[in-house]
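Heads up: the structure comes next, in structure tokens.
Note that ligands are numbered from 1 as they come in the structure, with each ligand's atoms numbered from 1 the same way.
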Amino acid sequence: MADRIGRSSSQRWAGALAAIFALVGLAVAGPAQSVPATTCRTCGNHGVLDCSKHKKGWLEIERAVAFCSVAESCKSCLGALCLDCKQCTNESAEGEMQKRVQLVKSWRESLRTTIDAHSRGEPLLHVQTAHIDLGFAIPKIAVDKDKLDSHEGMHLYGDRIEALRALYLQTLELDEKDFSTRLRIYMCRDSKQANELGPRVTGLGGNFAVGTKLMGIDAVYCMWQEPRGLPDDEALHRNIVHNVVHLLTSNMDPAGYFGNPANGWVDEGLAHWFEDKIGGKCTNYCFEEVLTQQGQTFKGGRWRPAVRQMLDTGAVQSLAALAQKNTDQLTYPEHAQSFAMVDYLMVVYGGRQLRDFVRELKRKTPMRDAMQAVYGTTPLSFDTEFQAWVKANYSPLDSQR
Ligand SMILES: [Zn+2]
Ligand SMILES: [Zn+2]
Ligand SMILES: [Zn+2]
Ligand SMILES: [Zn+2]
């Protein structure tokens with residue numbers, strides 16, 4: 001851990017030990033040749049100093065990620081975040097620093113050919129965190145009262161996506177060995193950049209309205225902040241949550257996309273469930289004809305009252321009927337019902353059973369058999385139980401949170 005001025009605890013310890021050794025050195029005067037008799041006042045015998053060219057508090061933020069292209073562009077430290085102390089010599093610290101500079105350099109170089117070469121104009125910024133490679137070019141973001149620039153926005157989204165991944169693992173009781181790949185996410189400046197880079201990173205062709213993703217063994221999402229559908233940071237965040245959940249669900253062992261054929265209700269329902277949990281409503285849909293749907297929402301994205309009203313007017317479908325549909329065939333009300341069915345399974349039975357159910361479906365077990373194996377029920381009984389639960393738990397009136 002680093003303190004506010006970015007000095008690491010190991011640096012503080014080194015300083016403290018050096019001070020102790022200096023005292024001992026005085027006391028035993030002479031034989032302790034290997035211990036420096038004097039402390040370097042500049043660096044406390046650490047051999048390196050914090051780079052002073054980063055904004056207040058930012059050494060800590062940069063040290064919390066593996067690599068950042070903005071840190072790499074620092075002309076003083078080249079991304080090492082520290083500088084050699086000219087007042088003393090410490091070969092091991094200097095060697096570590098040089099190693100770090102080389103590592104940062106080769107990370108940045110490889111992105112120039114794999115990503116930057118395919119996104120004309122100003123290159124994306126990049127950050128690598130524990131589980132995510134994020135390319136970022138969204139110019140500015142307003143979060144509450146703060147106005148963030150691109151660099152700040154990128155670190156915020158890096159943290160948010162890591163937090164979402166951690167929540168997903170915790171909710172569905174999964175661990176690292178259930179995932180075989182890193183998440184690669186590109187949040188582009190505009191439609192042009194996204195449509196140029198998207199096919200390169202996903203291998204999928206065609207123009208898209210907001211984003212395109214590659215799911216299964218690979219987990220890649222490339223998008224831009226389409227202003228009508230994603231007018232603010234909250235909408236952008238929900239979009240990322242929805243789509244990253246698709247990536248995680250697909251990559252989760254056994255890796256593979258399972259929303260087509262059928263199973264759309266589980267695939268979309270899960271993505272909506274996390275969208276609601278983190279963003280308080282559901283505003284993202286995976287339609288094929290997504291271009292014509294921009295900026296529209298169903299019941300303001302507040303789906304609990306919507307589903308209760310559907311139930312009261314006899315508009316809720318049977319599971320057997322809904323479970324015929326692929327992800328991209330669901331209508332707005334079917335998206336809402338899918339969310340509610342996943343909400344029911346999550347609240348009443350918990351994440352571990354939902355995980356097992358998803359696993360069965362990914363193994364191509366017929367839905368009816370998967371439901372029997374995991375929940376010990378039939379689609380018909382599910383309908384009765386689900387509808388009774390909605391009646392007891394969802395109000396037809398929207399009580400805004
Ligand atoms: Zn020094
Ligand atoms: Zn950075
Ligand atoms: Zn620097
Ligand atoms: Zn979706």
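Of the N and O atoms on the side chains of W303 and D276, not one donor lies less than 3.5 Å from an acceptor on the other residue. Side chain to side chain, T327 and D267 meet the donor-acceptor criterion of an N or O pair below 3.5 Å. For the residue pair N393 / Y344, no side-chain donor-acceptor distance below 3.5 Å is found, with atom types taken as modelled.
Distances from the Zn ion (ligand 1) show that C85 has an N/O/S atom below 2.8 Å. Residue contacts to the Zn ion (ligand 4): H272 brings no N, O or S atom closer than 2.8 Å. Within the coordination shell of the Zn ion (ligand 4), defined by N, O or S atoms under 2.8 Å, D267 is absent.
E268 places no side-chain N or O within 3.5 Å of a backbone atom of F339 that could act as its donor or acceptor partner.
With T212 as reference, T202 is the one residue of N195, N243, V220, T202 to meet the side-chain contact (heavy atoms from CB on, under 4.5 Å) rule.
Considering just the N/O/S atoms of H246, the one nearest the Zn ion (ligand 4) carries the name NE2.
Computed with the Zn ion (ligand 1) at the centre, the C40 SG to C88 SG angle is 110°, stated to 10 degrees. The OE2 atom of E62 and the NE2 atom of H151 subtend an angle of 90° at the Zn ion (ligand 2), given to the nearest 10 degrees. The angle that E268 OE2 and C286 SG make at the Zn ion (ligand 4), rounded to 10°, works out to 120°.
Enclosure of atom NZ in K55 by more than 12 non-hydrogen atoms of other residues, nucleotides or ligands within 6.0 angstrom is indicated.
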